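What follows is a short report on a single structure.
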Amino acid sequence: MSRRPYPVDVEYADIQGGILTAYGRLGFPFGRFALVCVHDAAGGREFVEKLRNRVTTAVRWPSRKENIAPGRLVIERPPVTWNLAFTFRGLAALGVPTRTLRGMPDEFMDSMAGRCKIIGDATEENPLAGWDRVWDPAGRGRDVHILILLNAQMGEDGRPLPELDQAQADVAKFCAESEGRVELLAGHRGADEHWQQLEALRDSNGLPCAKEHFGFTDAISDPVFEGQYPKLQENERAVGSGASDGAGNWRPLAAGEFLLGWPDEAQEIPGAAMPLDFSRNGTFIAYRKLHQDVAGFKAWIDKTAAGLQQAWKLPHFEAARDTLLAKMAGRWLDGVPLEVAPDWYSWQTFNDECKPKDGHVVRDDSARARALVDFGYRDDRDGLKCPLGAHIRRSNTRDTLDPLGDKPKGSSRMGSALNNRRRILRRGLPYGHADNEDGEHGIVMLVVCASLQRQFEFVQQQWLNYGLDADSGNDGCPLVGNHPKDAKFVIPAHPAAAVPPFIATGLEQWVQTRGGDYFFVPSMTALRMIGMGTVDPT
Amino acid sequence: MPNFDAGHYFYTGLVPVDLRPTRRADNSITSHSHLLREVLAELPNFSAEDKAARPSPFSRCRRTHFARFAIIDDPAFNGRVQQDAIVAAVMRVDLLEHQPVDHLSRSWLVFVADADAADGSDASRDAWARGLWDVMEPELRAIFRHCLGFAKVDSAEAFAAYLAKAQIETTMSFNDYWIDKPELPLMSVPAMAAIALIPAVLAVLAAAYLRWRPWHFDWPWHWPLPWHWDWCGILLVLLALLIGLAVGVWILIRVITAWGARPYPAGPGSDLPGVLKSLFVQQQFTRFAIAQQGASAADLHAAFGRFIAEMRPEQADGPTQSPGVVP
């Protein structure tokens with residue numbers, strides 16, 4: 001793979017925080033998200049100006065875990081991070097000029113509710129009617145203009161640091177001071193109707209961890225792109241998470257897939273809203289509040305795993321349940337990929353090797369971490385290890401779609417070229433507890449990408465809610481896809497196992513959209529222009 | 001002959017739209033192209049979202065796979081023909097003088113369809129056209145009555161003749177019913193080289209013979225050069241070589257294009273009834289497989305026997321799905 005002559009040098013202080021790295025990974029397990037409606041452009045800009053200097057950027061803090069040296073100017077890790085994002089209607093309400101607005105992408109203008117048919121949010125099983133009042137286009141959804149994202153560190157008492165309450169109070173105060181020109185919208189389902197409350201799930205020691213409500217370890221595979229990490233680490237971090245050439249080599253993806261104003265995987269800087277410095281270093285997020293029906297999911301798993309145990313003659317129920325979950329996700333509950341450990345025994349063996357055994361460890365932590373991401377599907381074209389319809393194989397197809405994937409290793413392979421234009425950064429945190437009496441729990445997913453239509457919507461529509469590219473007909477993703485009546489999931493069996501393929505049936509709608517919208521996350525430069533009202537597209 | 005490929009006739013027709021004003025039923029004035037677009041917009045077509053939608057009238061024809069209408073008003077004008085600025089200056093081209101702009105004489109209705117056919121003959125095309133008339137005459141009348149020359153069409157034969165007159169060659173046909181690659185005749189590289197080189201060899205021999213008669217050879221004493229070694233002879237031989245090569249390559253290209261122009265063989269079961277039957281059996285088999293999960297070998301064997309007896313997979317006219325809908 002040829003080296004690029006001019007490495008990307010991203011100006012971290014110009015990019016909003018939370019894009020390059022998820023706050024959850026940086027020690028911020030709490031989130032509070034609020035929505036603001038701007039009734040008057042000048043009042044809205046005043047509000048933005050009050051918050052602007054508080055906004056957290058991508059500048060790195062000294063870190064215990066991450067081996068990344070801070071710059072010459074050492075920035076203290078803040079107790080609470082602030083970030084701002086805007087809907088299309090929000091930018092219009094703040095007085096951003098028409099000529100800039102018309103340079104925005106169609107899907108951003110349409111809003112998420114406007115694209116509901118494309119992304120599968122308007123089906124019988126997943127209707128718009130299920131949205132929180134604050135998101136519902138028939139409720140306050142049309143008034144969502146500004147998204148305020150607060151993330152907080154955890155205090156020693158296991159609760160968010162008190163600065164979080166103060167930050168929320170400040171937002172409420174600024175809205176009150178505006179005398180009705182800026183309104184903090186109400187209508188989030190949950191404990192506080194003004195603030196979407198989020199919190200990482202806890203492990204058995206009560207510490208925040210990367211689990212989601214169904215029990216899977218989340219956020220393992222996240223794209224790596226140029227400029228995201230220091231140059232010396234870039235290639236190492238790209239292994240398993242960047243672009244693959246089909247021969248086992250990886251490189252970071254082009255920065256333009258995740259930041260506007262940079263060349264992307266098509267080797268061009270795509271058009272964006274003018275002026276250039278308004279779009280550059282900005283990006284888009286799809287905010288998706290996804291409810292998870294944990295009880296229904298677990299009941300179905302228990303019922304179906306019994307069938308799988310019988311069909312595949314598995315030794316005990318736990319093996320069948322774990323296998324079913326792994327085949328649906330493409331990873332075992334602890335994140336070990338099926339491509340590395342295709343059956344229950346090899347999974348146990350893999351984990352045994354990572355523990356001290358006879359005084360030594362076969363695989364240390366870094367070898368384990370690498371095995372979790374550094375794999376492809378070229379040797380599993382029939383999905384005998386990881387079904388083609390499994391969640392991770394659909395959403396990040398790696399080298400599955402290589403048209404020359406059946407050719408021997410060599411220059412003729414194209415690796416992940418088709419996949420590289422469909423990558424998304426996943427941010428966000430879970431909300432609620434699975435044992436909540438009101439049954440409201442799930443995840444707020446923030447999908448970050450330079451083109452919502454090409455990246456997020458494509459993955460959602462073609463890969464998660466449809467099965468053609470996964471050789472699965474109409475079958476959607478068994479975990480998060482839409483499941484109409486008669487939904488099914490086919491699990492191929494290895495011929496050597498002498499058992500038939502297993503068809504899981506009666507999949508229910510375990511994940512339902514509760515609301516969301518498309519937001520523009522401006523760079524600090526663009527945020528200043530918006531706040532000062534000096535966006536000049538001429 | 002891309003009009004016919006893989007067992008399917010690909011029809012493309014351009015029909016001139018009537019430019020004269022016309023009246024609606026309520027006597028208001030409008031244009032034929034307006035009414036034509038209205039008819040086409042209201043042609044029934046299956047929609048998975050609209051349960052009340054009726055299937056396309058083309059689904060009544062058990063030979064037509066796909067059909068499409070479009071109206072072309074005019075080609076797009078891309079601006080002046082580009083010319084190098086220096087050349088234009090030297091040639092004293094007046095950039096203010098408008099270049100001619102291409103136009104169509106009128107709006108044209110494009111009709112494309114692909115249908116099962118035994119061969120690419122006109123008779124096959126006409127038989128399909130007559131079949132269309134038999135099953136959807138009212139719809140065809142409603143569409144084509146806005147086109148020139150249709151007033152005289154009053155029978156299936158006349159409609160077939162009308163389509164024949166409007167036909168232009170389909171230059172890019174596409175269908176994809178082969179699951180595996182069919183056995184195709186291959187031409188070996190030595191054979192292609194032979195075709196390309198034989199004329200050159202013959203020409204060189206002939207030129208050498210004409211220049212240096214064999215009785216002038218003082219062979220073997222002056223082998224390999226002939227006795228009368230001369231530049232004129234060498235040039236003649238070289239010229240013969242070039243002409244021979246050109247002829248050989250031309251013949252090779254003709255042979256290859258002739259091979260390439262042969263229609264691709266029809267895929268097994270790729271006629272419309274066969275395709276519908278395949279879709280039907282595929283769906284039913286999925287349901288069968290789900291229903292039989294965990295069954296004993298004996299039960300599965302018996303159930304599969306019943307399934308085959310009921311489905312009759314080999315008989316396209318047995319149980320099957322309706323055309324024009326997604327069940």
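Since this is a predicted model, take the numbers as computed values, not measurements.
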CG (B/Leu184) with more than 12 external heavy atoms under 6.0 Å: yes
Taken to the nearest 0.5 Å, the spacing of A/Ile503 CD1 from B/Arg287 CZ works out to 12.0 Å
Can you tell me if B/Asp102 has over 12 outside heavy atoms packed within less than 6.0 Å of its CG? no
Just verifying a value: how many Å separate B/Ile290 CD1 and A/Asp486 CG, rounded to the nearest 0.5 Å? 7.5 Å
Considering residues, nucleotides and ligands other than B/Asp299, do more than 12 of their heavy atoms fall under 6.0 Å from its CG? yes
Is it the case that more than 12 heavy atoms not belonging to B/Arg312 sit under 6.0 Å from its CZ atom? yes
Please check if the number of heavy atoms outside B/Gln99 that lie under 6.0 Å from its CD is greater than 12. yes
Crowding at CZ, B/Arg54 (>12 non-hydrogen neighbours, <6.0 Å): no
Any residues in residues 299-328 of chain A near chain B, with a heavy-atom distance under 4.5 Å, and which are they? none
Answer yes or no: does atom CD of A/Glu268 have more than 12 heavy-atom neighbours from other residues, nucleotides or ligands under 6.0 Å? yes
